[in-house]
Each structure stands twice: as structure tokens, then as C-alpha cells.
Amino acid sequence: MNTEMSQSEDGEINMAAWILGVKNLSIQPYPLPSLGPHDVKIKIKAVGICGSDVHYYKTMRCANFIANKPMVLGHECAGIIQELGTQVQSLSVGDRVALEPGISCQTCNFCKGGRYNLCRGMKFFGSASTHGSLANMVVHPANLCFKLPDNVSLEEGAMIEPLSVGVHACRRANIGPDTNVLIIGAGPIGLIVSLAARAFGSPRIVMVDVDNTRLSIAKDLGADETILVSTSIQEMEKEVVQIQIAMGCKIDVSFDCVGYNKTMSTALNATTSGGKVCLIGLAQTEMTLPLTPAAAREVDVIGIFRYRNTWPLCIELLRTGKIDIKALISHRFGFSQKELEEAFETSAQGGTAIKIMFNL
């Protein structure tokens with residue numbers, strides 16, 4: 001693919017945040033691909049840090065995705081259209097857009113069947129061999145750029161990517177007005193799942209975590225009850241009883257937003273017969289779980305991977321105020337070398353850091 005050292009009208013070179021090695025970040029020039037007929041060039045204005053970005057920062061890998069060479073990070077993003085490809089008619093220069101970060105092949109059976117998130121040829125911003133969007137400008141297909149309403153900010157537009165995980169999980173688990181929900185893990189994704197579940201109509205949401213600070217935030221965001229648990233598997237049976245008492249009724253769906261032996265075992269044991277357990281967190285590749293007794297109670301185990309066809313609904317949920325995502329933004333940074341390093345260190349330390357946002 002041909003590249004050009006993209007410059008803005010005032011002659012500034014396009015710069016991006018590169019991961020060069022473990023905990024080695026650098027803002028360096030980033031040549032963009034040529035603008036194709038169906039592409040747009042976007043001036044990026046807001047980018048959030050995801051847990052996967054932090055994994056690359058700490059280890060140069062995320063699950064099975066390995067960064068073998070320097071890579072531009074970032075995929076939670078929104079910006080302003082700067083230039084249109086010759087065939088683009090759906091957008092205009094100056095439009096504020098949120099970007100869906102994955103480009104699927106559109107020809108495999110998964111893509112043709114509508115499950116493009118499972119495409120094995122997916123090129124996803126800031127993942128292994130595909131450069132990300134923590135940059136002044138990026139080039140992206142126009143059909144993956146979604147115009148934002150006037151009352152939805154660019155920061156909220158960047159938050160649509162993590163919100164999409166929660167929306168996709170709620171769709172997979174068929175959350176509705178008669179679904180009581182348990183959420184294990186009150187980190188960023190757990191909190192987002194709680195907001196999505198409420199927007200889908202869930203009448204009662206209980207959240208559990210090992211951190212009281214996170215549980216306090218969960219309560220502020222609308223969780224009906226919160227339970228502090230331990231990391232000890234020996235405490236699980238007692239904690240399951242506490243969780244069921246806190247719910248006060250049957251637990252129809254449990255979302256495991258962590259992904260450890262203990263968290264999945266807790267979910268399987270706490271969920272009512274005939275209910276569902278949705279695994280979102282991927283902390284452990286292999287687990288030893290009490291599947292047989294859960295199967296005997298017809299508890300369904302479902303998984304999710306990223307999302308599909310979520311941006312229009314997420315935009316509508318934000319536009320109508322059914323979800324207020326702004327409260328999750330805990331820290332803001334500019335786009336300098338010092339702030340880049342400080343932002344990733346803040347995110348890596350966890351604690352009160354929920355969603356860290358770059359304003360470019």
C-alpha cells in the first residue's frame with residue numbers, strides 16, 4: 001500500500017503514539033495510507049485507553065495477539081472529517097464521527113452471515129499488525145465512520161467502542177425488563193455492562209468486586225446492590241449465598257467481566273436454573289469449572305468477542321440520554337510525550353482510573 005507523510009494545512013507532520021517495546025512509548029511521525037475512493041481522512045480529537053492497550057504497554061501482547069514490531073496504539077476514537085474519497089457520499093468534510101475500529105474482509109462466511117466480528121481476516125486498530133488511531137490523523141473506510149448528533153460530544157463518540165461491548169453482551173444474553181443481572185467485576189467493562197443492562201430494561205443489577213472503590217463507583221452509577229468479595233476460591237460458596245440474598249430474587253443472567261476460575265465458578269453457581277452466564281473477561285485462557293452441575297440445571301454459557309452492528313444503537317442511547325457515559329471518564333490528558341507516558345502509567349495502576357481519555 002502506498003503511503004504519504006500526511007500533513008495538515010499548516011504543514012504539520014502527522015504524529016502518532018507508538019509502542020516500541022515494553023513500557024516504551026514514543027510520539028513519532030506516522031505515514032498514512034493513500035486515501036482510497038471509499039475512505040475518509042479524519043482528524044482524531046478523542047481517544048480512550050482500553051485494557052488491551054495497557055496489555056501491549058506492559059507485555060507487547062494481548063491474549064494471542066503479539067506485537068512483534070513497533071505499532072501505533074489506540075482504537076477507542078472519534079474525530080472530524082478532513083478529506084473524502086472520490087466515491088464517498090454519506091459524509092461531508094467537517095462532520096464529527098465515531099469510528100468503528102475493525103475492518104473485516106466482507107467475503108468470508110462469517111462476514112456474509114452477519115457475524116463479521118468473528119472474521120479471521122479482521123484488521124483492527126492497534127492490534128498486532130494493524131496500526132491504531134492514537135494519532136493526529138487516520139484514514140478509515142467511510143462506512144465505518146458514524147456521524148454524531150449535535151448533543152453527543154467527541155469524547156462520548158470515542159466511548160462508543162467500549163459501550164459497544166456492553167451492548168453486544170446484552171444482545172447476546174437477551175437482557176430485557178424481566179432479566180435480573182449479576183455483574184462480576186466493576187472495572188470499566190463491568191460498569192459499562194451495568195449501564196447497558198439498565199438501558200435494555202434490567203430491573204435489578206447486583207455488582208461484585210474485590211475493590212471497594214470500584215464498588216462505590218458502581219453504586220453511584222446505579223447498581224442496586226454491591227458485594228465485596230475475596231480472591232479466595234474457598235470463600236465462593238459463602239459469597240454465592242450473599243450475592244443471591246442481595247439480589248432478592250432469581251439471577252437470570254450473570255456477566256463475568258473478569259475471567260478467572262473463581263469468577264466463572266461464582267457465576268455458574270449463582271445463576272438460576274435455566275439462566276445464562278456470559279463470559280466477557282478473558283483473564284485466563286484455561287479454567288477448571290463446575291460445568292456438569294451447571295449443565296444439569298440448563299445454565300447456558302455464552303461468549304462474546306468485541307461487537308457487531310452496535311454503533312447506530314449506541315449513538316441513539318447517548319443521544320436520548322438513556323445512557324450517560326461521561327461519568328466513566330476519570331482522567332484526561334493532552335497529546336504530548338510526557339502526558340502519553342503519564343496516562344498509560346495511570347491506567348496501568350488501576351485504582352480510581354476508570355476511563356482515561358486523550359484530547360488531541
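Heavy-atom basis, side chains included; hydrogens, waters and symmetry copies ignored. Along the sequence shown, residues carry numbers from 1.
- Judged purely by atom type and a 3.5 angstrom limit, Q337 uses its side chain to pair as donor or acceptor with the backbone of I27.
- Considering only heavy atoms from C-beta on, L182 comes within 4.5 Å of V208 through its side chain.
- Salt-bridge annotation for E316 and K322: absent, with no side-chain N of the basic residue lying under 4.0 Å from a carboxylate O of the acidic one.
- Side chains of S254 and T271: a donor on one and an acceptor on the other come within 3.5 Å.
- Across all their heavy atoms, C257 and G185 have their closest contact at CB-O, 4.1 Å.
- Under 4.0 Å is where a charged nitrogen must lie from a carboxylate oxygen, and between D178 and K250 no such pair does.
- Using a 4.5 Å cut-off on side-chain heavy atoms (C-beta onward), I329 and I354 make no contact.
- Under the side chain to side chain donor-acceptor pair (under 3.5 Å) criterion, T292 pairs with no residue at all, not counting sequence neighbours.
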- [ ] Evaluate side chain to side chain donor-acceptor pair (under 3.5 Å) for S26 paired with Q28, printing each intermediate quantity in order.
- [x] CA-CA 6 Å; S26 180; Q28 296 183 4; 3.1 Å; yes
Task: From CA spacing to verdict: side chain to side chain donor-acceptor pair (under 3.5 Å), E239, S230 - done: CA-CA 9 Å; E239 290 167 356; S230 71; 3.1 Å; yes
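- Under the 4.5 Å side-chain heavy-atom criterion for grouping Ile, Leu, Val, Met, Phe, Trp and Tyr, V181 is not connected to M247 through any hydrophobic cluster.
- Within the model, atoms SG of C77 and CG of L154 stand 11.0 Å from one another, a figure rounded to the nearest 0.5 Å.
- Under the 3.5 Å distance criterion, with hydrogens and angles disregarded, a donor-acceptor pair is assigned to the side chains of S232 and Q234.
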- [ ] Decide yes or no on side chain to side chain contact (heavy atoms under 4.5 Å, CB included) for C105 and F110, but give the supporting numbers first.
- [x] CA-CA 9 Å; C105 77; F110 290 119; over 6 Å; no
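- A distance of 4.5 Å separates CD1 in I280 from CD1 in I304, rounded to the nearest 0.5 Å.
- With E156 as the partner, the salt bridge (Lys or Arg N to Asp or Glu O under 4.0 Å) test is satisfied by one option alone out of K45, R319, K326: K326.
- At least one donor-acceptor pair closer than 3.5 Å links the side chain of K355 to the backbone N or O of I49.
- Residues forming a side-chain contact (heavy atoms from CB on, under 4.5 Å) with Q349 (at least two apart in sequence, or on another chain): E345.
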- [ ] Apply salt bridge (charged side-chain N to carboxylate O under 4.0 Å, His left out) to the pair D209 and R214, showing each step before the final yes or no.
- [x] CA-CA 7 Å; D209 200 281; R214 292 292 174 94; 5.8 Å; no
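- Side-chain N or O atoms of E76 include none that pairs as donor or acceptor with a backbone N or O of A158 at under 3.5 Å.
- Looking at residues two or more places apart in sequence or on another chain, you find no ring pair (Phe, Tyr, Trp, His ring centres under 6.0 Å) involving Y260.
- A donor-acceptor pair under 3.5 Å is absent between the side-chain atoms of R297 and the main chain of G274, judged by distance alone.
- V301 belongs to a hydrophobic cluster with M264, L268, V277, L279, M287, L289, L291, V299, counting contacts under 4.5 Å between side-chain heavy atoms of Ile, Leu, Val, Met, Phe, Trp and Tyr, direct or through other members.
- Screening residues 316-354 for ring pair (Phe, Tyr, Trp, His ring centres under 6.0 Å), with sequence neighbours left out, gives Y57-F344.
- Side chain of N14 to backbone of Y30: a donor-acceptor contact under 3.5 angstrom is found.
- Under the 4.5 Å side-chain contact rule for hydrophobic residues, V240 and I227 do not share a cluster.
- Nearest heavy atoms, L360 versus A135: CD2-O, 3.2 Å.
- Between the side chain of T59 and the backbone N or O of H55, at least one donor-acceptor pair lies under 3.5 Å.
- A pairwise comparison of heavy atoms in V72 and L134 identifies CG1-O, 4.1 Å as the closest pair.
- The environment of N151 atom CG is dense: over 12 non-hydrogen atoms of other residues, nucleotides or ligands sit within 6.0 angstrom.
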Task: V138 vs L99, side chain to side chain contact (heavy atoms under 4.5 Å, CB included): CA-CA, chis, key distance, verdict - done: CA-CA 10 Å; V138 300; L99 284 65; 3.9 Å; yes
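- Proximity of a side-chain donor or acceptor of S194 to a complementary backbone N or O of L191 within less than 3.5 Å is detected.
- In plain terms, the two heavy atoms of D39 and S34 that are nearest each other are OD2-O, 4.2 Å.
- Between C145 and V40 the shortest heavy-atom distance is SG-CG2, 3.7 Å.
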TODO: List the steps, then state whether ring pair (Phe, Tyr, Trp, His ring centres under 6.0 Å) holds for F125 with H131.
DONE: CA-CA 6 Å; F125 272 158; H131 291 308; over 10 Å; no
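- In terms of hydrophobic clustering, with Ile, Leu, Val, Met, Phe, Trp and Tyr side chains grouped at heavy-atom distances under 4.5 Å, V165 and I175 are assigned to a common cluster.
- Defined by atom type and a distance below 3.5 Å, a donor-acceptor pair is missing between the side-chain atoms of S153 and E155.
- With Y307 as the partner, the side-chain hydrogen bond (donor to acceptor under 3.5 Å, both in side chains) test is satisfied by one option alone out of E161, R171, E100: E161.
- In this structure, R332 is not positioned above the aromatic face of F358 in the sense of NZ or CZ being under 6.0 Å from the six-membered ring centre and within 45° of the axis.
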Task: Working for side chain to side chain contact (heavy atoms under 4.5 Å, CB included), residues L228 and L215 - done: CA-CA 8 Å; L228 181 69; L215 290 176; 4.0 Å; yes
Open item on the list: Run the side chain to side chain contact (heavy atoms under 4.5 Å, CB included) test on N136 and I44 for me, step by step, so that the C-alpha distance in whole Å, both residues' side-chain angles and the decisive distance to 0.1 Å come before the verdict.
Closed with: CA-CA 5 Å; N136 298 133; I44 297 295; over 6 Å; no
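- We find that K276 and D300 are not joined by a salt bridge, their nearest charged nitrogen and carboxylate oxygen being 4.0 Å or further apart.
- The shortest heavy-atom contact between A186 and A218 is CB-CB, 4.4 Å.
- Hydrophobic cluster of L144: the remaining members, joined at side-chain heavy-atom separations below 4.5 Å, are I103, listed by chain and number.
- Tracing side-chain contacts under 4.5 Å through hydrophobic residues (I, L, V, M, F, W, Y), one never reaches I183 starting from V210; they form parts of separate clusters.
- Heavy atoms from other residues, nucleotides or ligands lying under 6.0 Å from CD of Q106 number 12 at most.
- Proximity of a side-chain donor or acceptor of R96 to a complementary backbone N or O of V152 within less than 3.5 Å is detected.
- Going from atom OG of S104 over to atom CE of M122 covers 5.0 Å, rounded to the nearest 0.5 Å.
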Task: Evaluation steps, salt bridge (charged side-chain N to carboxylate O under 4.0 Å, His left out), between D252 and R204 - done: CA-CA 10 Å; D252 299 295; R204 189 157 180 82; over 6 Å; no
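- Other residues, nucleotides and ligands contribute at most 12 non-hydrogen atoms within 6.0 Å of the NZ atom of K112.
- No donor-acceptor contact under 3.5 angstrom links the side chains of T288 and N261, judged on distance only.
- Note on F124: it does not cluster hydrophobically with I19, by side-chain heavy-atom contacts below 4.5 Å among ILVMFWY residues.
- Side-chain atoms of D211 come within 3.5 Å of backbone N or O of T213 as a donor-acceptor pair.
- Other residues, nucleotides and ligands contribute over 12 non-hydrogen atoms within 6.0 Å of the CG atom of D220.
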